[in-house]
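For reference, the structure discussed in these notes is given below.
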Amino acid sequence: MSTLPKKFYQRDTVIVAKELLGKKLTRKIGNYEMSGTIIETEAYRHKDDPASHAFRNITDRNKVMFGEVGIAYVYFTYGMHYCFNVVAKKMKTSAGAVLIRGIVPEKGIKKMQENRNIENLKNLTNGPGKLTQALEITKEHYGIDLTKKIELYIEEGLEIKKIKKSTRIGIKDGKEMLWNFQI
DNA sequence: CGAAGGATCGTCT
DNA sequence: GACGATCCTTCGT
């Protein structure tokens, strides 16, 4: 199976967020592989989106959102969680990223359960902080290229027909935009 | 069940 | 110096 090309991410952030549903996320540590299918995403854009980290200005943290597409944007929040995003936007001069909020675990479930110290599959990777903990994604992955099959990448997956739209979670402004997408 | 509150620290003002 | 694109536990019903 091949990874999604740069071209895939070089489109409107909201469209990419929808189309990432059903795709396969893989995390490789040495020979060990963990993977799952993406089932929930959120789009965060630029100046038109008050909930986005890129809304105000470019900073040390958010700078990858302004750069090349198909790159990982990982940040630390609430003093204990990492969140994993993919840079996606139509214009080179703009900014945007898609937050991966949930996957269905497939390969390497045992390791994920160890990492999270729980058994229940339902609670294993059904939240942005949970999936980074399960897949051992940290700030070390900030800025890596997800189109290359190295330690973290996204491949082709299922065709999704029905998409549920909703408001994004945990934000103050920008609630009128239905940019949370789930299968 | 659902609601409420605590944990904990990097980032921005 | 305040707060957050969260999660988990506890407590009450």
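This one's a predicted model, so the numbers in the text were calculated from it and none came from an experiment. Order of the sequence lines fixes the chain letters, A, B, ..., with proteins taken first and strands second; residue numbering starts at 1 for each chain.
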At under 4.0 Å between heavy atoms, what does A:Arg61 touch on the DNA or RNA strands: base, sugar-phosphate, or nothing? sugar-phosphate
Do the side-chain N or O atoms of A:Lys130 get closer than 4.0 angstrom to the phosphate oxygens (OP1, OP2) of C:dC8? yes
Distance in angstrom units between A:Arg56 CZ and B:dT11 C1', rounded: 13 Å
Does OP1 or OP2 of C:dC8 have a side-chain N or O of A:Arg116 closer than 4.0 Å? yes
Please identify which of these residues, A:Ile29, A:Thr26, A:Leu25, meets the side-chain contact (heavy atoms from CB on, under 4.5 Å) condition with A:Met34. A:Ile29
From CZ of A:Phe76 over to C1' of C:dT6, roughly how many Å is that when rounded to an integer? 11 Å
Looking across every strand, which nucleic acid part, if any, lies under 4.0 Å from A:Ile171 by heavy atom: base, sugar-phosphate, or nothing? sugar-phosphate
Less than 4.0 angstrom between a side-chain N/O of A:Thr77 and OP1 or OP2 of C:dA5, yes or no? no
Check: A:Lys89 side chain, A:Gly67 main-chain N or O, donor-acceptor pair, under 3.5 Å: yes
Would you mind reading off the distance between A:Ile58 atom CD1 and B:dC12 atom P, rounded to a whole angstrom? 11 Å
When rounded to whole Å, the NZ to P distance for the pair A:Lys172 and C:dA2 reads 15 Å
Please determine whether residues A:Ile144 and A:Leu131 belong to a single hydrophobic cluster, defined as Ile, Leu, Val, Met, Phe, Trp and Tyr linked transitively by side-chain heavy-atom distances below 4.5 Å. yes
Partners passing salt bridge (Lys or Arg N to Asp or Glu O under 4.0 Å) against A:Arg168 (at least two apart in sequence or in another chain): A:Asp49
Provide the Watson-Crick or G-U wobble partner of C:dT6, both distances under 3.5 Å; none if there is no partner. B:dA7
Nucleotide opposite B:dC1 in a Watson-Crick or G-U pair, distances under 3.5 Å: C:dG12
Over all strands shown, is A:Gly79 touching base, sugar-phosphate only, or nothing at heavy-atom distances under 4.0 angstrom? base
Interatomic distance where NE2 belongs to A:His53 and C1' belongs to B:dG10 [whole Å]: 11 Å
Would you call A:Phe8 and A:Val16 a side-chain contact if the rule is heavy atoms closer than 4.5 Å? yes
Once you round it to whole Å, what is the distance between C1' of C:dG4 and CG of A:Asp173? 13 Å
Roughly, in whole Å, what's the span from NZ in A:Lys139 to C1' in B:dG10? 9 Å
Would A:Tyr44 count as stacked on C:dA5 if the rule is ring centres under 5.5 Å and plane angle under 30°? yes
Let me know the distance between OH of A:Tyr78 and C1' of C:dG4, rounded to the nearest Å. 4 Å
